[in-house]
Number of protein chains: 2
Amino acid sequence: MIDLELPAGDERIADRIARRLQGQILAGEIVPGEKLPSQRKLAGSLGVSREAVREAVVVLQNHGLIETYHGGGSFCKNLFDGFFELPMRDQDQNSHNLQCQVMEMREVLEGEAAYFAALRATDNQRQRLTAEYQRMLERGSGETTLKKAKADLTFHMLIAESSHHFIVMSISQVLYNKYFNAMYGVLSKALKKSGNYPPKIGVQHDQIYQAIMDQDAGEARKVAQQHIRYTRDQMLD
Amino acid sequence: MIDLELPAGDERIADRIARRLQGQILAGEIVPGEKLPSQRKLAGSLGVSREAVREAVVVLQNHGLIETYHGGGSFCKNLFDGFFELPMRDQDQNSHNLQCQVMEMREVLEGEAAYFAALRATDNQRQRLTAEYQRMLERGSGETTLKKAKADLTFHMLIAESSHHFIVMSISQVLYNKYFNAMYGVLSKALKKSGNYPPKIGVQHDQIYQAIMDQDAGEARKVAQQHIRYTRDQMLD
DNA sequence: CAAGCAAAGTGGTCTGACCGAAAGTGTGGG
DNA sequence: CCCACACTTTCGGTCAGACCACTTTGCTTG
């Protein structure tokens, strides 16, 4: 029986197993495509119950490290397989719902961020905003959706920082960090609908940029909200 | 026994349960911080084994939606917890700057909360809102400022819950829990200026209440924002 | 009213079992 | 010799019941 008592004893056994297997995968002891030992064998060799192993398997599934087939076994996943199909997975009602909620929050949040950024952005932040905006213009097309999404995120995050508003910034960070996938999904949907990056989005980015530069806070809020609302509408059927 | 056969039958039961619970969380049926039914009760009410429920719980844990404690139960997690951590002493809560920012955030946040509450509040929530509103009316004066602040908080939190908007609810909770002192400070200042509880606040509460009851979402947002803006103005010198 | 203790509630783990799907095995006929 | 078919084994999915450890609750007692 293999010992896995190394970590603190107050950790769930399933998590210890999951960590152990994940370590083996990352260390290359288990190669992508390779079949894992059956749950019963793992349970036996580790000296734990099968349920503990099963919960560990669920953890690794959710981490995207393994795939299991009823009657077939569990297999180490190639992390690059399906890497480019990420946006369309999770097309269930829940993720659609979450995407809606994120965009609804962004509408007011980025409105405020733009408002305060117009009022309080420092010269340095104005320069960085200009630089980032130029980069977005130059690259324009010919980029992957993912890169566009990241550029979009950087632009909006810069605005949030420029707002000098602790709470707006904090919420923006959480939203961007935790729900990037949801936002990315929105962008993908919008892209698939209109064929390519809607030119209107470029115009809206320009309006936001100009309003902030002109220190026209009210206008900045208005166009920022319009921008998010437009993106959200693109997503809806 | 509750039916969860809706999705394709080839999906694991645990995933169906996880999706169901996630839906309830996003829809605001389970509020951040709220305790979930015990695994045994869930298993019983859904007509499945406890192991299936346990695996669903593991899924939601990995999604960061719930937290479970040995012997304590599982709780819906507030995803925004811990992100507003900033070295902040208690007296900082009285800083003019922070109070301003809290009220600025509240203005948009409670606007949205009222908007969605008008659209989606359940009958039960309408009743509770009515009851709470009645209590505020009856007690009117003769209370300490602290109690008024708490009643105010309860009223607004009830609206946030009625929004059935996971993100709006989460942010409201964090704001109310973390910055209650700051909000209390605002109210104190307003009180000291005008001598007593401004009657206009009562009128505004009534407007918000009525708009939600009338399911007039746009009006609800407008008057809620006016209410916060008015309170904030009272605070300013 | 407070402190301490017993009971109930709850998650964590184990055992054993059955089902259906997939994979492996052997046998028969071409 | 190879292929097709049926049988057996293996495997994951689900269920039932049990026991342990920890937390919460509530009641008793000082």
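If you're wondering where the values come from, they're calculated on a predicted model, not measured in any experiment. All chains are named by letter (A, B, ...) in the order of the sequence lines, taking the proteins before the strands, and each is independently numbered beginning at 1.
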Those residues that, when tested against B/Tyr230, pass ring pair (Phe, Tyr, Trp, His ring centres under 6.0 Å) (two or more places apart):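 With neighbours one apart ignored, the set is empty.
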What is the first contacted nucleotide of DNA chain D and what is the last, in 5' to 3' order, if contact means an atom lying under 4.0 angstrom from a heavy atom of chain B? D/dG13 to D/dT23
B/S/- along nucleotides 14-20 of chain C (protein heavy atoms under 4.0 Å) is BB-BB-B
Can you sort out the partners of [X] under side-chain hydrogen bond (donor to acceptor under 3.5 Å, both in side chains), two or more places apart, ordered by chain and number?
X	result
B/Gln127	none
B/Gln22	none
B/Asp206	B/Tyr133
B/Glu110	B/Arg106, B/His156, B/Tyr176

Once salt bridge (charged side-chain N to carboxylate O under 4.0 Å, His left out) is applied, what residue pairs with a partner in residues 37-50 of chain A remain, sequence neighbours excluded?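 Counting only pairs at least two positions apart or across chains, no salt bridge (charged side-chain N to carboxylate O under 4.0 Å, His left out) contact touches residues 37-50 of chain A.
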Both A/Thr68 and B/Lys35 contact DNA chain D. Which one's nearest nucleotide lies toward the 5' end?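 Here A/Thr68 is the residue nearer the 5' end.
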Nucleotide C/dG11, atom C1' - distance to CD1 of B/Ile66 in whole Å: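 After rounding, the reported distance stands at 12 Å.
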Please report, rounded to the nearest Å, how far the C1' atom of C/dA21 is from the CZ atom of B/Arg12. 15 Å
Side chains of residues 52-59 of chain B: which donor-acceptor pairs under 3.5 Å do they make with residues two or more places apart or in other chains?
from	atom 1	to	atom 2	distance (Å)
B/Arg54	NE	A/Glu51	OE2	3.2
B/Arg54	NE	A/Glu55	OE2	2.8
B/Arg54	NH1	B/Gln39	OE1	3.3
B/Arg54	NH2	A/Glu55	OE1	3.2
B/Arg54	NH2	A/Glu55	OE2	3.1
B/Glu55	OE1	A/Arg54	NH2	3.2
B/Glu55	OE1	B/Arg12	NH2	3.2
B/Glu55	OE2	A/Arg54	NE	2.8
B/Glu55	OE2	A/Arg54	NH2	3.1

Can you tell if the side chain of B/Thr122 reaches within under 4.5 Å of the side chain of B/Ser162, non-hydrogen atoms only?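 No, every pair of side-chain atoms sits at 4.5 Å or beyond.
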State whether B/Gln39 places a side-chain N or O below 4.0 Å from either non-bridging phosphate oxygen (OP1 or OP2) of C/dG9. no
